[in-house]
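Quick notes on the structure that follows.
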Amino acid sequence: MVEPVDVLVANGTVVEASGRHPANIAIRDGRIAYVGPERPHAREVVDADGLFVLPGGVDTHVHLMDPGALDREDFPSGTAAAAASGVTTIIEHTHGHPVRTVKDLDEKRHYLKGRARVDYGLAAHAWPGHADDVAALWAAGVAFFKVFTCTTHGVPGHDPAALMAHLVATSAVDAVSLVHSEDESMTAAAEQMLRAAGRKDGGVIPEWRSRDAELVAAAIVGLLVRRTEARATIAHVSNPEVASYARAERGRGARLHAEGCPQYFFLREAEVLHEGALRKFTPPARARTSADEDEMWRLLKDGVLTHISSDHAPSTIQQKADGDIWSAHFGLPGLDTTMALLLDAAGRGILSLEEIALAYSERPAKIYGLWPRKGSLRPGSDADLVLVDPSAERFLRNEDVHSKARWTPYSGRHVQGQVVRTLLRGATIAAAGAPTDEFRGVFLPGAGGARGGAA
Ligand SMILES: [Zn+2]
């Protein structure tokens, strides 16, 4: 290389899903130009001595409420959380302002210009009876279709017939779906019974959103994905039994992914009894013992759970306190803490750094058509890098949350390992837990996006 490269990330240990090795990474024009022992002349040198260098996090289940509910989150605040925590790519969708048409997508893309600190794909919402819209939206570059099997957050649920029609339409263009799986009839019956009994305690959440309601829906989703030869992800798998159904359908040939989220590895079912709306999310936490958590980690390591997402859906503590347990928003803030919790699991020997690179970067990038531009450290890939100090220790704290939520269910938890710098296409977008003031994020079209290119 005669011309100096733009950036050299020197002396680090490079970690990918396939392994780790000491190497320098040279970056030119925002892309990785070289990985290896050479030390090309560079305009900027980032010293990574003693640090691990991982591919930037790819978080494919994120709600930033922008446009939609800016009092809960927006792109500047939500992507600040992403950048500071080591996430360089998100796929976003907002239930209160769904993308249902190509016009919706174009308007959202236009609106979001200059509002993102990290790169982003955008998902569409599937609507019962509107399977005809799938092909045009896929060609326009949506990352996936979000499907509900139960009416939730104001988005109508798909019964099996409507789900079948949607999956047939996606199969025809090889589009991918993310399916929130809870059975409508079972959640509705439980809600009616609990409301009739006058219940308003936190315990209504796991009874309303029961294990069986999730399992019934997941089983139907798996069956129909296989029958239609579609591609889909079961969203936020809450417990091992649901994962086992996904594994069984995959064994029969279904192209079915299973998404894990930290709340099903770190939070316990009983917490909602005293925390109330601060643990209102659905499906709810199911773990009752550390053995339950161990089983979730095993399923992730075995690839039954294919990847990790935050399902970032923030509300402030005040918003969570408004009304009663029935009317409070569902969801947790998660972008600030997901990478930190995974790194801590690595520090405790539960997960390897390679498995983090696989589950929170490479696999989701592959599932949603972003690889190898994203989720890879090979030459030619975008230079999205996370520098991790494995020896740093800290406590997760509400004060450090960049999301407008300003709190985390993991506050007070001691964690090992820390992201010390995040690079997006070669530019530092966060250092020492603080995002820079640069809004470099661009739109990433999904796999069907013929119109391609950055917005
Ligand atoms: Zn979600």
Side-chain angles (χ1 to χ4, degrees), residues 57-69 72-75 78-79 81-82 87 89-100 108 120-127 142-158 176-182 184 187 205 208-209 213-214 217-218 221 232-239 242 257-267 277-286 305-315 319-320 328-338 360 364 367-368 403-405 408-409:
V58 177
D59 195 318
T60 55
H61 189 159
V62 170
H63 309 288
L64 296 189
M65 322 293 179
D66 185 10
R72 292 178 64 188
E73 194 71 288
D74 60 26
F75 258 69
T79 58
V87 171
T89 298
I90 58 169
I91 298 178
E92 199 277 340
H93 66 288
T94 290
H95 307 310
H97 197 94
V99 168
R100 294 181 52 187
K108 186 163 179 174
Y120 54 96
L122 297 171
H125 280 72
W127 225 259
V142 299
F144 61 75
F145 291 88
K146 179 62 175 285
V147 183
F148 282 92
T149 58
C150 50
T151 297
T152 315
H153 319 294
V155 180
H158 289 65
V176 61
S177 299
L178 175 67
V179 188
H180 180 122
S181 303
E182 292 181 290
E184 172 88 36
T187 55
I205 299 298
W208 175 20
R209 323 299 301 203
E214 183 182 0
V221 170
T233 300
I234 296 180
H236 36 53
V237 169
S238 75
N239 69 86
V242 174
H257 313 290
E259 176 188 75
C261 306
Q263 48 271 36
Y264 308 110
F265 296 71
F266 289 92
L267 302 180
L278 294 179
R279 295 293 182 277
K280 183 184 177 185
F281 53 94
T282 198
R286 310 285 194 199
L305 295 169
T306 44
H307 61 291
I308 293 287
S309 306
S310 63
D311 191 11
H312 182 77
S315 304
Q319 287 161 346
K320 280 286 198 181
H329 293 302
F330 281 111
L332 294 175
L335 264 175
D336 289 273
T337 50
T338 296
Y360 200 41
I367 291 169
Y368 298 108
S403 162
K404 283 187 185 180
T408 165

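Remember, it's 1-based here, ligands and their atoms both numbered in the order they're listed. The analysis underlying the following values was restricted to heavy atoms, covering all of them including side chains, and did not include hydrogens, waters or symmetry mates.
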Taking only residues two or more places apart in sequence, or in another chain, which ones meet E259 in a salt bridge (charged side-chain N to carboxylate O under 4.0 Å, His left out)? none

Sequence neighbours excluded, which residues qualify as salt bridge (charged side-chain N to carboxylate O under 4.0 Å, His left out) partners of K280? none

Could you give me a count of protein N/O/S atoms that are under 2.8 Å from the Zn ion (ligand 1)? 3

Could you list the residues that satisfy salt bridge (charged side-chain N to carboxylate O under 4.0 Å, His left out) with E182, not counting sequence neighbours? R209

Over 60° means perpendicular and under 30° means parallel, so tell me whether H307 and H257 are parallel, tilted or perpendicular. perpendicular

Would you please classify the geometry between the F144 ring and the Y368 ring as parallel, tilted or perpendicular, with 30° and 60° separating the classes? tilted

Aromatic ring pairing H63/H95, orientation class (parallel under 30°, perpendicular over 60°, tilted between): tilted

